[in-house]
Amino acid sequence: MEEEQQNPILKEGFLVKRGHVVHNWKARWFVLKPDKLLYYKYDGGKRDSCQRGRIMLTDCKISCPFLEYDNRPLVFKLQTKSSAEYFLEACSREERDQWAADIGAAVEKLRPADSPTPSQSKTTGHQSLQLHNVSLNQVVDSMYDVHSGIKLTSHNEQGNSYSNCFSGSAVVDWLVFNQLALTRVEAVTLSSAVLEEGFLRPVGLRSVEAQRSHGLSEQFLDDSTALYSFSENFKKRGSVKAETSLSAMELSGKVLKRGYLLKQGHKRKNWKVRLFVLRSEPGYLHYYDPSKDDISPVGGFSLRGCLVSALDDNGVPSGVKGKVQGNLLKIITQFDTHYYIQAPSRQEKMDWIEAIRGQS
């Protein structure tokens, strides 16, 4: 008990980690302590008792966002005092930023009182962003660069499909990552200026409405659902990497909830971590393999007519294979397909059940 009080758990949850030797990506359960970040393997629906590794946080450096993986925009990087690098992926931008903030706070508490913080060292001799000193043409040229520019993707919004565009949060991430802005607030200010000068145009209902009804400082939205593209009069020079992705009616709904959950397979009955995405209008639940770079779901189903219920935490429920118990839920589709899913905590289980019921 005394050890737990001295070394309490500050945060825990699933993240996807890149391997050191073989650069594959695997979901791991991470536990943040005051001086280290531990990670464990999940096997058979439960966490291993032995940790797979630890990341010491003293003098650890955090890069968030870290955008060097095209199909993984939610990665952040940790670099330890010994220069070991760890690449971790969260399930959403909010989760990524929260993990980075919590780890950063732990790192700061380990720093000697008379030691300058990275933010102090970083800003020494620099001023906050001044737009009159910024060349918007150079910013847009960098955004357009074939190797390091913003990646164009396809998006769906309320039944409409948009190609060759990007989200507002992707622009802000890119500006911060490339040090064209020091903070997200400065990046929004810079993006608003680029939008006002006509280099970018709003795409879709959310961004169009923001430009129409808000002042200049609020026209550009740091939001993953607000879409933008390069203006038509900003001629294509063949330098933008466009991506074709699955565009279907079932993927066109608004994203209501995202998160890592464990799912029992239909054939082998083994348990694997999947990234679940709940959408509305139409209501669908899709799941993705976080170890793959493929942006298409590996499965999903309509929530129309679905039944969802919590399973008893006492013993192993009927239909569940292996010694898996606790925080389980069951979904029965209108075609009588049964899905068994395990959440990391009871609260998350209830949150998912409530969200799914709202779309069934």
Side-chain angles (χ1 to χ4, degrees), residues 64-65 67 70-75 90-98 100 129 131 136 139-140 142-144 149-178 180-181 183-234 240-249 251-259 275 277-282 284 286 295:
C64 180
L67 303 180
D70 285 345
N71 291 329
R72 296 182 182 272
L74 302 175
V75 171
C91 64
S92 67
R93 181 172 62 85
E94 293 76 15
E95 271 291 296
R96 178 200 66 190
D97 293 348
Q98 189 61 58
L129 179 69
L131 287 183
L136 295 183
V139 170
V140 177
S142 298
M143 292 171 67
Y144 221 74
I150 292 179
K151 186 179 181 183
L152 296 185
T153 58
S154 296
H155 293 262
N156 294 285
E157 181 188 18
Q158 298 184 12
N160 297 315
S161 179
Y162 303 95
S163 60
N164 292 327
C165 57
F166 36 80
S167 69
S169 59
V171 174
V172 173
D173 279 352
W174 184 88
L175 290 171
V176 173
F177 177 71
N178 287 280
L180 294 171
T183 66
R184 299 191 76 85
V185 173
E186 290 185 352
V188 170
T189 302
L190 180 55
S191 300
S192 297
V194 173
L195 181 66
E196 177 71 11
E197 290 298 317
F199 293 114
L200 299 181
R201 63 184 178 90
V203 176
L205 299 177
R206 186 86 192 278
S207 54
V208 169
E209 178 61 25
Q211 187 179 42
R212 181 185 299 120
S213 59
H214 293 81
L216 173 60
S217 62
E218 299 176 328
Q219 284 184 2
F220 190 90
L221 300 179
D222 179 8
D223 193 300
S224 59
T225 63
L227 305 179
Y228 300 89
S229 182
F230 292 108
S231 297
E232 295 294 337
N233 57 5
F234 191 70
V240 177
K241 300 179 290 183
E243 171 196 284
T244 57
S245 61
L246 179 63
S247 176
M249 179 272 294
L251 293 175
S252 65
K254 178 182 178 182
V255 174
L256 298 179
K257 191 172 179 62
R258 297 166 58 96
L275 171 62
V277 178
L278 174 65
R279 293 180 171 90
S280 67
E281 299 178 3
Y284 268 84
H286 293 96
I295 61 172

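We use all heavy atoms of the structure for the numbers below, so side chains are in, but hydrogens, waters and symmetry mates are not.
We find the CG-OG distance between Leu195 and Ser231 to be 8.0 Å, quoted to the nearest 0.5 Å. Ser280 OG to Leu256 CG: the interatomic distance, rounded to the nearest 0.5 Å, is 4.0 Å. Rounded to the nearest 0.5 Å, atoms CZ (Arg72) and CG (Leu67) are 14.0 Å apart. The structure places CG of Asp97 at 7.0 Å from CG of Asp173, a figure rounded to the nearest 0.5 Å. Atom CZ in Arg258 sits 8.0 Å away from atom CZ in Arg279 (nearest 0.5 Å).
Across every non-hydrogen atom of Val194 and Val139, the tightest pair is CG2-CG1, 4.4 Å. Looking at every heavy atom in both residues, Ser224 comes nearest to Ser167 through O-CB, 3.5 Å. Phe220 and Ser192 make their closest contact through CB-OG, 3.3 Å (heavy atoms, listed as atom of the first residue, atom of the second, distance). Across all non-hydrogen atoms, the minimal contact from Cys165 to Ser229 is CB-CB, 4.1 Å.
Between Thr225 and Val255, the closest side-chain pair of non-hydrogen atoms is not below 4.5 Å. Between Leu175 and Ser191, some side-chain heavy-atom pair lies under the 4.5 Å cut-off. Under the 4.5 Å side-chain criterion, counting only non-hydrogen atoms from C-beta, Leu200 is in contact with Phe166. Using a 4.5 Å heavy-atom cutoff, the side chains of Glu186 and Val176 are not in contact.
Between the side chain of Ser207 and the backbone N or O of Leu227, at least one donor-acceptor pair lies under 3.5 Å. Under the 3.5 Å distance criterion, the side-chain polar atoms of Arg96 are left unmatched by any main-chain donor or acceptor of Leu74.
Ring centers of Tyr228 and Phe199: at least 6.0 Å apart, outside the cut-off.
For Asp222, the side-chain contact (heavy atoms from CB on, under 4.5 Å) partners at least two apart in sequence or on another chain are Arg93, Ser169, Val172, Arg184, Val188. Remark: Glu94 engages Ser92 in a side-chain contact (heavy atoms from CB on, under 4.5 Å) (not counting sequence neighbours). Taking the salt bridge (Lys or Arg N to Asp or Glu O under 4.0 Å) definition, one finds that Arg201 meets it with Glu232, sequence neighbours left out. Every residue meeting the side-chain contact (heavy atoms from CB on, under 4.5 Å) condition with Val185, not counting sequence neighbours, appears here in chain and number order: Thr183. Contacts of Arg206 classified as salt bridge (Lys or Arg N to Asp or Glu O under 4.0 Å), with partners at least two apart in sequence or in another chain: Asp223.
For the salt bridge (Lys or Arg N to Asp or Glu O under 4.0 Å) condition, no pair includes a residue of residues 161-171, sequence neighbours left out.
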Step by step, work out the side-chain contact (heavy atoms from CB on, under 4.5 Å) result for Trp174 and Leu180. CA-CA 9 Å; Trp174 184 88; Leu180 294 171; 3.5 Å; yes
